[in-house]
Amino acid sequence: MSTLIQHGTVINADATLHADVLIEGESIARIAPNIPAENHTLIDATNLLVMPGGIDVHTHLDMPFGGTVSADDYETGTIAAAVGGTTTVIDFALQSIGSTMRAAYDTWREKSAGKAGIDYGLHMAVTDLGPGSGQQGLREMEEMVAEGISSFKLFMAYPNVLMIDDGLMLKVMQKAAQLNALCLVHAENGSVIDIVIAQMLAEGKTAPHYHALSRSTQAEAEATHRAIAIAEMAGASVYIVHLSNTDSLRELKHAQQRGVRALAETCTQYLVLSREEQMPGKSWDEAKFVFTPPLRSKSNHDPLWQALTDGSLCIVSTDHCPFRLADQKSLGRHDFTKIPNGGPGIENRLQILWHHGVNAGRLNPQQFVELCCTAPARIFGMPSKGAVSVGKDADILLWDPHADYTITAATQRMATDYNMFEGWQVRGNAKHVFSRGELVVKDGQWIGTTGRGKFLQREANAGGLT
Ligand code: URP
Ligand code: ZN
Ligand code: ZN
């Protein structure tokens, strides 16, 4: 089976060229001008950009959280991703306190089995190293790396559910350093935030926007500093997830300037949504934007965009953690602490980044590819992904930079009853998408089969930093 993509413009992170792309089986076989049509299936990419499929390294599919389960499972979530131009996701397996990483691994492999429409990997969120000095948990980390889980997530927030203490963080990071694994950190000081929350509730402040007010930028910046310091002590590479504001960015940049192996992502929502605009404190509907870290003031947008071009932030992910407004977010109708934290975004990442990044002159197309496709593959140990290059998996996105599209929950594939960008008009959208050589999205419609996605065993490469 071979497909020839003709007359397109190939955009990689390091080069742009006018060339045809020949796919044979699951891989890219040849890239050159005017490849003969022979008897290949032909795809006309005139006026289209031929880019690597997007990689979203931060998603939460079918995840129990906040008294409910995230609304997208591996089927709906990966279809939504693909329709938006993403061909790989890395999701989180959560170890429960008192249980094992192996149990979490088995649970998440079961959740995904027969459902994923595109390829996917897993990070392991560590909450417990077991009894005594934690030898059992540390051995499990070795097993996880052998299974292809080369990144471990540590939560400094969500006390009594996911939060770990600094000692456990040090132990996990020391082991990760030995294993060449990458440590992901949700950096927010959960203990101080819990005190602020209790004070707010005591004053009767229960509306959704108090969620945002209860989680300060200082609480995020302090934890960012601490996580990086502990990683430095352990000799580990650290990756701060969902960095949302300039106070945290300052801590990151200080560490990077000293040569510390610290990386960070931001997420689509922190670049274009704000507390002033989405959460002014006027209505219950603001629960749509209750996620963690919360939306920040608009003044953070420009510095975050700037950090994407100066290299201090290396990836844009979504932290896709979808809950329906009507019957899930509503658990916290009278108490913001009961609103399940998270927002839907897996389908819209590339549209938003292209329109507000590339069309707005903040990013060029190659930087867009670097942030959304190539850096994720490199940092998370997926050498077969992330570039339109001979020998790589034929995960290819045919992007129409002139397509006008209105984002709306009415037509989305995500399983939520709202969209965070409802009514936004964007120019630039996914037209066709190949996943390992198979056309899975045609003219914006999913045509793939459920369950065709493969579990990716990722390499342990310390975030590509060694
Ligand atoms: O609000 C969020 N972000 N929910 C998902 C879990 C996390 O903290 O990433
Ligand atoms: Zn988080
Ligand atoms: Zn998350």
Side-chain angles (χ1 to χ4, degrees), residues 56-72 77 81 89-96 104 108 120-127 151-164 169 182-190 193-194 197 208-212 214-215 219-220 223-224 227 238-245 248 264-270 273 275 278-279 286-296 315-325 328-329 331-332 336-346 349 376 380 414 416 418 420:
D56 190 345
V57 302
H58 189 157
T59 68
H60 300 280
L61 303 175
D62 201 356
M63 183 179 84
F65 200 52
T68 181
V69 178
S70 59
D72 277 309
V89 297
I90 312 184
D91 205 58
F92 289 88
L94 300 190
Q95 181 196 17
S96 304
W108 259 263
Y120 64 99
L122 288 171
H123 312 282
M124 178 59 63
V126 181
T127 56
S151 41
F152 295 93
K153 169 89 173 278
L154 295 164
F155 286 90
M156 298 171 83
Y158 310 128
N160 306 317
V161 187
L162 294 167
M163 188 170 112
I164 46 92
M169 179 149 63
L182 183 61
C183 297
L184 276 57
V185 181
H186 174 133
E188 279 189 307
N189 186 323
I193 288 170
D194 255 20
I197 288 174
H209 87 133
Y210 289 109
H211 169 82
S214 69
R215 311 183 84 93
E220 186 183 332
T224 301
V238 64
Y239 176 97
I240 306 295
V241 297
H242 48 44
L243 189 146
S244 70
N245 71 88
S248 305
E265 66 177 19
T266 191
C267 306
T268 331
Q269 52 273 27
Y270 303 115
L273 304 178
R275 199 170 75 204
Q278 275 69 38
M279 303 198 85
E286 292 170 26
K288 292 173 186 170
F289 304 100
V290 168
F291 42 74
T292 305
L295 285 177
R296 305 299 189 185
I315 288 179
V316 179
S317 71
T318 59
D319 191 9
H320 176 76
C321 189
F323 297 104
R324 291 177 301 275
L325 187 65
Q328 295 187 294
K329 293 278 185 185
L331 293 169
F336 73 85
T337 65
K338 298 199 167 50
I339 301 172
N341 286 197
I346 203 167
R349 178 180 65 132
F380 286 94
M414 297 184 293
T416 44
Y418 73 97
M420 296 199 291

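Counting convention: from 1, in listed order, for ligands and their atoms alike.
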Residue pair Ser244, Arg296: steps toward the side chain to side chain donor-acceptor pair (under 3.5 Å) verdict: CA-CA 7 Å; Ser244 70; Arg296 305 299 189 185; 2.9 Å; yes
Sub-4.0 Å atoms of ligand 1 with respect to non-hydrogen atoms of [X]:
X: Phe291; value: 1 (O)
X: His242; value: 8 (O), 9 (O)
X: His60; value: 5 (C), 6 (C), 7 (C), 9 (O)
X: His58; value: 9 (O)
X: Tyr158; value: 1 (O), 2 (C), 4 (N), 6 (C), 7 (C), 8 (O)

Minimum heavy-atom distance Val126-Leu154, with the two atoms named: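 So the two residues come closest at O-CD2, 3.8 Å.
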Candidate pair Glu188 and Thr292, rule side chain to side chain donor-acceptor pair (under 3.5 Å), full reasoning: CA-CA 9 Å; Glu188 279 189 307; Thr292 305; 5.0 Å; no
Phe92 to ligand 1, any heavy atom closer than 4.0 Å: no
Pair Asp56-His320, side-chain donor/acceptor within less than 3.5 Å: no
Whether Phe380 and Tyr239 hold their rings parallel, tilted or perpendicular, with breakpoints at 30° and 60°: perpendicular
Partner of Thr224 under side-chain contact (heavy atoms from CB on, under 4.5 Å), chosen from Val185, Ile240, Val238: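 With Thr224 as partner, Val185, Ile240, Val238 yield a single side-chain contact (heavy atoms from CB on, under 4.5 Å), made by Ile240.
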Backbone or side-chain N/O/S of Cys321 under 2.8 Å of the Zn ion (ligand 3):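 Given the 2.8 Å cut-off, Cys321 does not count as a ligand of the Zn ion (ligand 3).
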His242 and Phe291 aromatic centres sub-6.0 Å: no
Ring centers of Tyr158, Phe65 separated by less than 6.0 Å: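 They qualify: ring centres under 6.0 Å apart.
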Geometry at the Zn ion (ligand 3) - His60 NE2 versus His58 NE2 angle, rounded to 10 degrees: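 Vertex the Zn ion (ligand 3), arms to NE2 of His58 and NE2 of His60: 110°.
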Atom 1 (O) of ligand 1 [closest protein heavy-atom partner, distance rounded to 0.1 Å]: Thr292 N, 2.8 Å
Top protein contact for atom 4 (N) of ligand 1, by heavy-atom distance: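 Minimum-distance protein heavy atom for atom 4 (N) of ligand 1 reads Asn341 O, 3.1 Å.
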NE2 (His242) to the Zn ion (ligand 2) to ND1 (His186) angle, given to the nearest 10 degrees: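 Taking the Zn ion (ligand 2) as the apex, the two atoms subtend 90°.
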Minimum-distance N/O/S atom that Asp319 presents toward the Zn ion (ligand 3):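 Relative to the Zn ion (ligand 3), the closest nitrogen, oxygen or sulfur of Asp319 carries the name OD1.
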Side chain, backbone, both or neither: Asp319 near ligand 1, heavy atoms under 4.0 Å: side chain
Pair Asp91-Thr59, side chain to side chain donor-acceptor pair (under 3.5 Å): steps then yes or no: CA-CA 5 Å; Asp91 205 58; Thr59 68; 2.6 Å; yes
